[in-house]
Asks: 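Quick one: the structure is below, questions incoming.
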Amino acid sequence: METVKIGADVFFVLMGAIMVLAMHAGFAFLEVGTVRRKNQVNALVKIIVDFAVSTVAYFFVGYMVAYGVSFLAPASVISGATGDLFAKSGFDLVKFFFLLTFAAAIPAIISGGIAERAKFFPQLMATAILTGLVYPFFEGIVWNGNFGLQGWIENSFGAAFHDFAGSIVVHAVGGWIALGAVVMLGARMGRYKKDGSVIGIPPSNIPFLALGSWILCVGWFGFNVMSAQSLEGVTGLVAVNSLMAMIGGILTALIVGRNDPGFIHNGALAGLVAVCAGSDVMHPVGALATGGIAGALFVWGFEQCQNKWKIDDVLGVWPLHGMCGLMGGIACGIFGLEALGGMGGVTFMAQLVGSLIGVAFAAIAGFVVYGVLAKTVGIRLEQEEEFRGADLSIHQIGAYPEEDLTQSGR
């Protein structure tokens with residue numbers, strides 16, 4: 001029976017890894033549907049190549065930084081905190097695969113913010129640094145107890161910082177790093193007039209944007225539910241809370257966003273981002289409220305960024321992942337309380353302090369990494385390249401080659 005249990009856990013975590021891997025197609029199509037046609041190929045290539053670079057960086061460096069497990073040894077002696085990685089039907093190996101897909105979400109999040117004007121290879125350098133060093137450093141602190149921060153929070157505020165599926169560790173960290181990248185890059189050409197007024201750039205393809213949102217929504221149930229990492233630990237509460245938060249985000253984005261399809265489809269994602277942290281401890285009504293707040297927060301944050309603060313975050317990844325992730329980490333300490341129908345085991349102050357530490361770390365890291373790259377190798381396309389579009393400037397082909405040939409008269 002023990003062998004069957006181990007095999008079942010391996011399959012369970014593997015399915016979770018595959019579902020989160022599929023979410024990267026969602027990231028890709030969400031970006032493809034939002035950017036202009038001249039940048040669609042670049043969006044697709046960035047996501048898949050970023051995943052490849054993330055895999056190499058996390059395999060050789062990042063996983064060791066987070067969990068102290070190194071693959072740089074003969075197979076017969078590779079071991080980690082749980083023993084031989086080749087034992088237990090390779091459970092620890094599929095655990096690496098699962099956690100890798102989380103790490104690779106960091107550059108996938110950033111990609112949407114820096115779209116249409118970022119150089120290709122400097123972004124791959126940033127991806128390697130972020131998934132090899134920056135993200136795993138904070139991941140290990142929260143999910144592996146590194147450096148004693150969790151112990152300090154528990155002793156000081158009555159409970160450890162709780163982030164079941166990554167509202168802070170993945171989404172807020174990715175979103176606040178992206179803020180640094182977006183600010184260092186500056187706005188796209190022609191986005192703002194000299195008087196500061198905004199020039200509208202509508203999404204290029206609403207069906208692709210919607211497809212990306214749907215893929216992400218479906219994959220998110222692997223992201224959240226499979227974070228239990230064993231059949232024994234899985235609970236339907238996480239699934240229902242994820243559903244309710246998604247619905248809450250859709251409905252408030254519909255109302256606050258005044259029927260805008262971009263807001264509606266991103267509202268679903270805002271709710272899912274926010275519920276990650278407390279999806280295992282909230283009451284479903286609390287999850288619905290969390291998602292509803294997140295949907296409204298995303299719409300407000302996106303409009304503030306674009307219209308008031310002049311932060312040209314193309315997909316709104318800082319409002320979506322950064323702001324809503326921060327809100328979700330804090331909301332876990334409210335709606336997870338037994339007094340509000342939750343499972344308990346969390347405190348408001350632990351969640352507030354842990355969440356603020358996470359976003360401060362990520363914001364500093366984002367400005368440092370992209371600031372250094374901007375000063376050394378440059379991170380922005382030349383004006384002519386940006387005007388021409390990243391597809392032709394970087395990849396020498398557009399999303400619709402036959403139409404390009406017809407329009408050029410060939």
Side-chain angles (χ1 to χ4, degrees), residues 23-48 50 105-118 120 123 171 174-175 178-179 181-182 185-192 198-217 219-220 249-250 253-254 257-273 295 298-307 310-324 381 386-387 389-395 398-400:
M23 289 176 70
H24 288 263
F27 282 118
F29 277 95
L30 192 72
E31 184 172 339
V32 167
T34 305
V35 300
R36 288 168 286 189
R37 283 173 51 141
K38 62 183 180 179
N39 297 296
Q40 290 179 331
V41 170
N42 181 243
L44 293 168
V45 174
K46 273 192 303 179
I47 298 296
I48 197 167
D50 272 339
I106 300 299
I109 290 168
I110 296 167
S111 176
I114 64 175
E116 301 202 321
R117 75 275 202 204
F120 186 64
Q123 173 55 23
H171 297 288
L179 174 64
V182 169
L185 270 172
R188 287 169 288 177
M189 290 171 54
R191 182 57 170 145
Y192 300 106
V198 182
I199 298 175
I201 302 178
S204 62
N205 192 308
I206 295 295
F208 277 167
L209 186 158
L211 175 63
S213 175
W214 271 107
I215 294 172
L216 284 164
C217 286
W220 223 295
I250 292 170
L254 169 70
R258 301 172 297 279
N259 303 327
D260 183 282
F263 285 146
I264 293 167
H265 285 92
N266 278 285
L269 308 181
L272 285 162
V273 164
F298 169 71
V299 175
W300 175 85
F302 184 87
E303 291 182 337
Q304 288 293 114
C305 279
Q306 301 295 332
N307 301 326
K310 303 298 186 290
I311 298 174
D312 189 17
D313 181 347
V314 181
L315 268 68
V317 298
W318 179 44
L320 179 62
H321 298 274
M323 293 183 185
C324 294
L381 293 172
E386 184 179 341
F387 178 78
D391 292 359
L392 294 178
S393 297
I394 297 173
H395 310 289
Y400 307 92

Asks: Taking all non-hydrogen atoms of both residues, which atom of Leu30 and which atom of Asn266 are closest, and how far apart?
Replies: CD2-OD1, 3.9 Å

Asks: Does the Ser111 side chain pair with the main chain of Pro107, one donor and one acceptor, at a distance under 3.5 Å?
Replies: no

Asks: If we check side chain to side chain donor-acceptor pair (under 3.5 Å) with Asn39, which of these qualifies: Glu116, Glu386, Arg117, Arg188?
Replies: Glu116

Asks: Just to verify, which of Val299, Ile264, Asp260 counts as forming a side-chain contact (heavy atoms from CB on, under 4.5 Å) with Leu254?
Replies: Ile264

Asks: Check Met23 against Leu216 and note the closest heavy-atom contact, atom names and distance.
Replies: O-CD2, 3.2 Å

Asks: Around atom CD1 of Ile48, are there more than 12 heavy atoms of other residues, nucleotides or ligands at under 6.0 Å?
Replies: no

Asks: What is the minimum heavy-atom distance between Val182 and Gly113, and which atoms define it?
Replies: CG2-O, 3.5 Å

Asks: Can you classify the ring geometry of His321 versus His171 as parallel (below 30°), tilted (30 to 60°) or perpendicular (above 60°)?
Replies: parallel

Asks: Let me confirm one number: the CG-CD1 distance from Leu272 to Ile250, rounded to the nearest 0.5 Å.
Replies: 8.0 Å

Asks: Using 0.5 Å steps for rounding, measure from the CD1 atom of Ile199 to the CE atom of Met189.
Replies: 11.0 Å

Asks: Under a 3.5 Å distance rule, please check whether Lys38 uses its side chain to pair with a backbone N or O of Phe387 as donor and acceptor.
Replies: yes

Asks: Walk me through it: do Tyr192 and Val198 pass the test side chain to side chain contact (heavy atoms under 4.5 Å, CB included)?
Replies: CA-CA 5 Å; Tyr192 300 106; Val198 182; 3.6 Å; yes

Asks: Check the pair His24 / Asp50 against side chain to side chain contact (heavy atoms under 4.5 Å, CB included), numbers first and verdict last.
Replies: CA-CA 10 Å; His24 288 263; Asp50 272 339; over 6 Å; no

Asks: What I'd like to find out is whether the side chain of Leu381 reaches to under 4.5 Å of the side chain of Ile394, using heavy atoms alone.
Replies: yes

Asks: Identify which one of Ile215, Val317, Ile109, Leu315 satisfies the side-chain contact (heavy atoms from CB on, under 4.5 Å) criterion when paired with Phe27.
Replies: Ile109

Asks: Kindly give the heavy-atom pair with the smallest separation between Lys46 and Ala115, and that separation in Å.
Replies: NZ-CA, 3.8 Å

Asks: Are Leu320 and Phe302 side-chain neighbours, meaning at least one heavy-atom pair lies under 4.5 Å?
Replies: no

Asks: Between Gln306 and Arg191, is the side chain to side chain contact (heavy atoms under 4.5 Å, CB included) condition met? List the steps.
Replies: CA-CA 9 Å; Gln306 301 295 332; Arg191 182 57 170 145; 2.8 Å; yes

Asks: State, to 0.1 Å, how close Met323 and Gly301 come at their nearest heavy-atom pair, and which atoms those are.
Replies: SD-CA, 3.9 Å

Asks: Do you know the tightest heavy-atom contact between Leu269 and Ser213?
Replies: CD2-O, 3.9 Å

Asks: Determine, stepwise, if the pair Val32 / Asn205 fulfils side chain to side chain contact (heavy atoms under 4.5 Å, CB included).
Replies: CA-CA 8 Å; Val32 167; Asn205 192 308; 5.8 Å; no

Asks: With rounding to the nearest 0.5 angstrom, report the CD1 to CD distance, Ile114 to Gln123.
Replies: 3.5 Å

Asks: Between atom CG of Leu185 and atom CG of Asp312, what is the distance when rounded to the nearest 0.5 Å?
Replies: 9.5 Å

Asks: Hey, is the main chain of Trp318 close enough, under 3.5 Å, to the side chain of Asp313 for a donor-acceptor pair?
Replies: yes

